[in-house]
Amino acid sequence: MTEPLSQAPRSPQTQRIVILGGGFAGVSTAQELARRLSADGRLVHQGRQAPVSDHAGPRARASVTLVSRDNYFVFQPLLADIISGTIETTHVVVPLRRMLKGVDVEVGYVEDIDPVGRHVHVRRRQSGERFSVDYDALVVALGSVTRFGVVPGMADHALGVRSLGDAFYLRNRALSMLEEAATEQDPERQRALLRFVVVGGGSTGVEVAAELADLLRTAGRTFVALPAPEVVLVHSRAYVLSEFGERLGRYATKKLAGAGVRLVLGRRLVRVEADRVELDDGAVIATATVVSTVGNAPHPVVARLGRVADAADADGWIRPDATFAVPGLDRVWALGDCASIIDSQTGQPMPATAQHAVREGPHAARNILAVLDGGRPLPFHYGQQGMLVSLGRFKGVGEVLGIKVSGFIAWVLWRGYYLLRLPSRERRLRVAVDWALELFLAHDVVEINMRRTRTRPGEEVGEVSGEPVSVGVRSDAEDELVL
């Protein structure tokens, strides 16, 4: 049974703005709403109104509630650095309640949205208790999930790199494979344990392959009797990072190969098994670890909402208008990775990047307040300023304001840009110290095992219930992730 969350009653004087999702889009929307409402003395937080400003007008008060599956924000662009051990795991996360002053934070799994009754149904992570959150204005920023079903066997045997837990698990997995290989007597099996296949040559795949190679190179030095570990990157095109153009793509391809990453280009996976992957040319690569960075799908809740509103594109993504409003739904906005937002200048969907999300959020917040106050929302447009990708230690590639950069300069720009974009001075300082120490000290190669003494009563070993992070994993529960 779903119980309503204890809330102040709805009234014309207090508008409830609810944001679903604790990523870049959702958090930046909440920050801008809280800032503007607080400045006007209109923000209601936990039943208390902010001090009234001298400039406050007669406009309605409002509360802002953010619903997220975690109580922290993850700085996704630096996840790959966790794999190599360049950055401490907790240094890329920030507690949501510390970031979002004046915002009510609810932690739980979003299960459904009722746009007619204006309710969001949520389930607590630990207790499983279900409750509903009422809204007057709703922002859907739930992001995307991994589509493992694109290749047979990938759902059963591949790893993703979407969350903090994914990056941490992959690091532990790599170190564990070294330990297992050290005692393996069969040479072929040993080589398979030491081979790691990364699928996809986009920015995520390239950074994961580069950092994984750095980790294995450093850790491998402590296993003197083992053959060198191998990272294999499989990509369907002739060079990686094709979105950067041929010159930079071929440069990145050359540098990855020089860093020891084996590149299999112009090929696609057709099957993944527990001990191998098969390519479309019939070739077989023996491996015990497959990492997928391809295949995104709409969050199931978003897909259902898009179908209800008849506002989804052919792939199931919600397609809002240029102001982020969802056609057919009253006072519902969608942005970030979960939305297919058409750029009015190009007529093409905007890239699903953090760079866009942190600009969509504040613009959406201004449009929401305009609508609530009887004003007119404005269309969004943003021209991408560039992209930067790390290729491992001292190497990078990118384009900034139309200027193509590569090598050490690109690597410095990559680090500098993301250091400045971290959401707090404390985290910027911690990451800067991590990076400075990394120049002089070897990477940490400790495997931190997460074994527990026992499972909780009623818990099935090997399954994680909750908000879906992938689709197509199991036939009996297609929206759940199996580890």
Side-chain angles (χ1 to χ4, degrees), residues 24 74-89 91-92 161-162 164 166-168 170-171 174 196 198-218 231-233 235 239-245 247-263 291 293-294 351 353-355 384-401 403-422 427-428 430-444:
F24 281 102
V74 181
F75 194 77
Q76 293 274 352
L78 297 184
L79 276 184
D81 278 38
I82 292 175
I83 297 171
S84 64
T86 304
I87 296 176
E88 285 292 327
T89 305
H91 294 177
V92 299
V161 196
R162 183 175 294 275
L164 183 66
D166 288 339
F168 192 73
L170 177 56
R171 170 183 167 80
F196 300 80
V198 179
V199 186
S203 56
T204 301
V206 166
E207 290 185 347
V208 167
E211 294 297 334
L212 187 57
D214 278 352
L215 170 66
L216 292 168
R217 189 180 304 111
T218 302
V231 176
V232 181
L233 189 145
H235 186 49
Y239 49 85
V240 301
L241 300 178
S242 54
E243 62 269 29
F244 285 93
R247 186 177 73 82
L248 288 182
R250 292 196 181 281
Y251 170 86
T253 302
K254 177 182 176 182
K255 290 300 180 182
L256 272 181
V261 176
R262 175 184 161 197
L263 295 163
V291 184
T293 67
V294 297
T353 65
Q355 182 181 161
Q384 184 163 282
Q385 301 300 303
M387 289 183 66
L388 292 162
V389 174
S390 171
L391 301 177
R393 194 177 178 91
F394 303 137
K395 299 180 293 295
V397 65
E399 183 176 346
V400 181
L401 300 176
I403 301 172
K404 297 183 185 299
V405 292
S406 59
F408 181 73
I409 293 175
W411 180 77
V412 171
L413 289 173
W414 179 86
R415 284 202 165 184
Y417 175 77
Y418 285 122
L419 186 66
L420 293 176
R421 296 302 304 181
L422 280 163
R427 287 307 190 267
R428 288 193 286 271
R430 290 180 184 274
V431 169
V433 170
D434 285 342
W435 279 343
L437 291 175
E438 182 255 346
L439 297 174
F440 305 101
L441 303 176
H443 292 178
D444 194 353

* Ignoring hydrogens and angles, tell me if any N or O in the side chain of Lys255 forms a donor-acceptor pair with the backbone of Gly392 under 3.5 Å. => no
* Asked: Taking C-beta and beyond as the side chain, do Trp435 and Leu419 meet within less than 4.5 Å on heavy atoms?
  -> yes
Is it the case that the side chain of Tyr251 and the backbone of Gly407 share a donor-acceptor pair, with hydrogens and angles ignored and the cut-off at 3.5 Å? yes
For this session: Could you tell me whether a side-chain N or O of Asp434 sits under 3.5 Å from a main-chain N or O of Glu88, the two making a donor and an acceptor?
Result: yes
Self-check item: Flag if over 12 foreign heavy atoms under 6.0 Å of NZ, Lys254
Solution: no
Rounding to 0.5 Å, atoms CZ (Arg393) and OG (Ser84) come to a distance of 10.0 Å
Report task. Check whether any side-chain N or O of Thr253 sits under 3.5 Å from a backbone N or O of Val240 as a donor-acceptor pair, and report yes or no. Result -> yes
In this structure, CZ of Arg427 is separated from CG of Leu422 (nearest 0.5 Å) by 9.0 Å
- Give a yes or no answer on whether the side chain of Glu207 reaches the backbone of Leu78 with a donor-acceptor pair at less than 3.5 Å. no
Exercise. Under 3.5 Å, is there a donor-acceptor pair between the side chain of Arg421 and the main chain of Phe75?
Worked result: no
Residues passing the ring-ring contact (aromatic ring centres under 6.0 Å, His included) test with Trp414, sequence neighbours excluded, are Tyr418
Self-check item: Heavy-atom donor-acceptor pair, Thr293 side chain to Val199 backbone, under 3.5 Å
Solution: yes
